K.L.:
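Structure provided below as structure tokens; questions to follow.
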Amino acid sequence: GENVEQHPSTLSVQEGDSAVIKCTYSDSASNYFPWYKQELGKGPQLIIDIRSNVGEKKDQRIAVTLNKTAKHFSLHITETQPEDSAVYFCAASRDSNYQLIWGAGTKLIIKP
Amino acid sequence: EAQVTQNPRYLITVTGKKLTVTCSQNMNHEYMSWYRQDPGLGLRQIYYSMNVEVTDKGDVPEGYKVSRKEKRNFPLILESPSPNQTSLYFCASSLSLRNTDTQYFGPGTRLTVL
């Protein structure tokens with residue numbers, strides 16, 4: 001079955017710098033890749049997603065890139081701010097299976 | 001306000017004492033599911049429901065039960081809790097079964113089984 005690996009498990013960056021979180025997936029049929037952000041004491045919330053017919057998608061300071069050949073996708077956060085501190089989860093799924101396969105999560109720490 | 005609510009938010013109990021965690025959504029969503037979150041393991045699906053009276057096992061269903069008698073409610077039942085069920089639990093819902101539908105999560109229930 002599908003497996004999603006996420007790295008790193010913890011990422012500490014200086015405020016204002018960029019952060020990159022990477023995920024790899026095993027099922028070449030996967031075609032939908034969302035990213036969720038979990039703030040302290042809250043449930044995960046969708047922040048951006050990408051489908052396999054697109055190589056990159058941006059939303060203000062957040063971008064996601066997808067390399068279908070290598071089967072990996074990444075979350076990029078530029079000009080990091082304190083409110084970006086959270087746990088980030090990647091996931092993958094395919095049209096024929098409505099279940100999301102989740103990565104283990106990355107704790108992002110923004111240092112002032 | 002569109003939301004998923006869970007109760008209780010925190011619960012400490014003892015081994016073998018039956019408990020229920022409630023979940024309710026006000027968005028008329030068809031799909032609901034329960035996850036547990038453990039350090040280093042991410043989110044693992046326990047059970048899911050595609051509609052009223054339709055439920056199925058996720059990846060880690062052992063020791064849990066669910067029911068879906070109404071569209072808005074999806075309670076998680078632990079008939080005989082054990083310490084290995086100590087975890088952070090999330091209920092989630094989405095509009096339909098499409099894999100691209102956004103999942104909306106509740107605020108979580110932190111369960112400790114002594």
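In this text, all values refer to a predicted model and were calculated from it rather than measured experimentally. Residue numbers begin at 1 in each chain, while the letters A, B, ... track the order of the sequences.
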K.L.:
Can you tell me which of B:Leu41, B:Thr100, B:Thr102, B:Asp101 forms the most heavy-atom pairs within a distance under 4.5 Å of chain A?
P.N.:
B:Thr100
K.L.:
Need one label for A:Arg51: side chain, backbone, both or neither, based on atoms under 4.5 Å from any heavy atom in chain B.
P.N.:
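Just the side chain, heavy atoms under 4.5 Å.
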K.L.:
Which one of A:Pro44, A:Ala104, A:Gly41, A:Gly103 has the most heavy-atom pairs closer than 4.5 Å to chain B?
P.N.:
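Greatest number of close heavy-atom pairs with chain B: A:Pro44.
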K.L.:
Assess the side chains of A:Gln6 and A:Thr106: does a donor N or O sit below 3.5 Å from an acceptor N or O?
P.N.:
yes
K.L.:
Any sub-3.5 Å donor-acceptor pair from B:Ser49's side-chain atoms to B:Asn51's backbone N or O?
P.N.:
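Answer holds: yes.
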K.L.:
With a 4.5 angstrom heavy-atom cut-off, is it the side chain or the backbone of B:Arg9 that approaches chain A, or both, or neither?
P.N.:
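It is the side chain, since no backbone atom gets that close.
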K.L.:
We want to know whether B:Asn73 and B:Ser24 form a side-chain donor-acceptor pair, criterion being a heavy-atom distance below 3.5 angstrom.
P.N.:
yes
K.L.:
For B:Phe105 together with B:Tyr35, are the ring centres under 6.0 Å from each other?
P.N.:
yes
K.L.:
Taking the six-membered ring for Trp, is the centroid-to-centroid distance between A:Tyr25 and A:Phe33 below 6.0 Å?
P.N.:
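Close enough - the centres of the two rings lie under 6.0 Å apart.
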K.L.:
Measuring heavy-atom distances to chain B, does A:Ser9 have an atom under 4.5 Å in its side chain, in its backbone, in both, or in neither?
P.N.:
neither
K.L.:
What part of B:Gln6 lies closer than 4.5 angstrom to a heavy atom of chain A: side chain, backbone, both or neither?
P.N.:
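When you check distances to chain A, no heavy atom of B:Gln6 falls under 4.5 Å.
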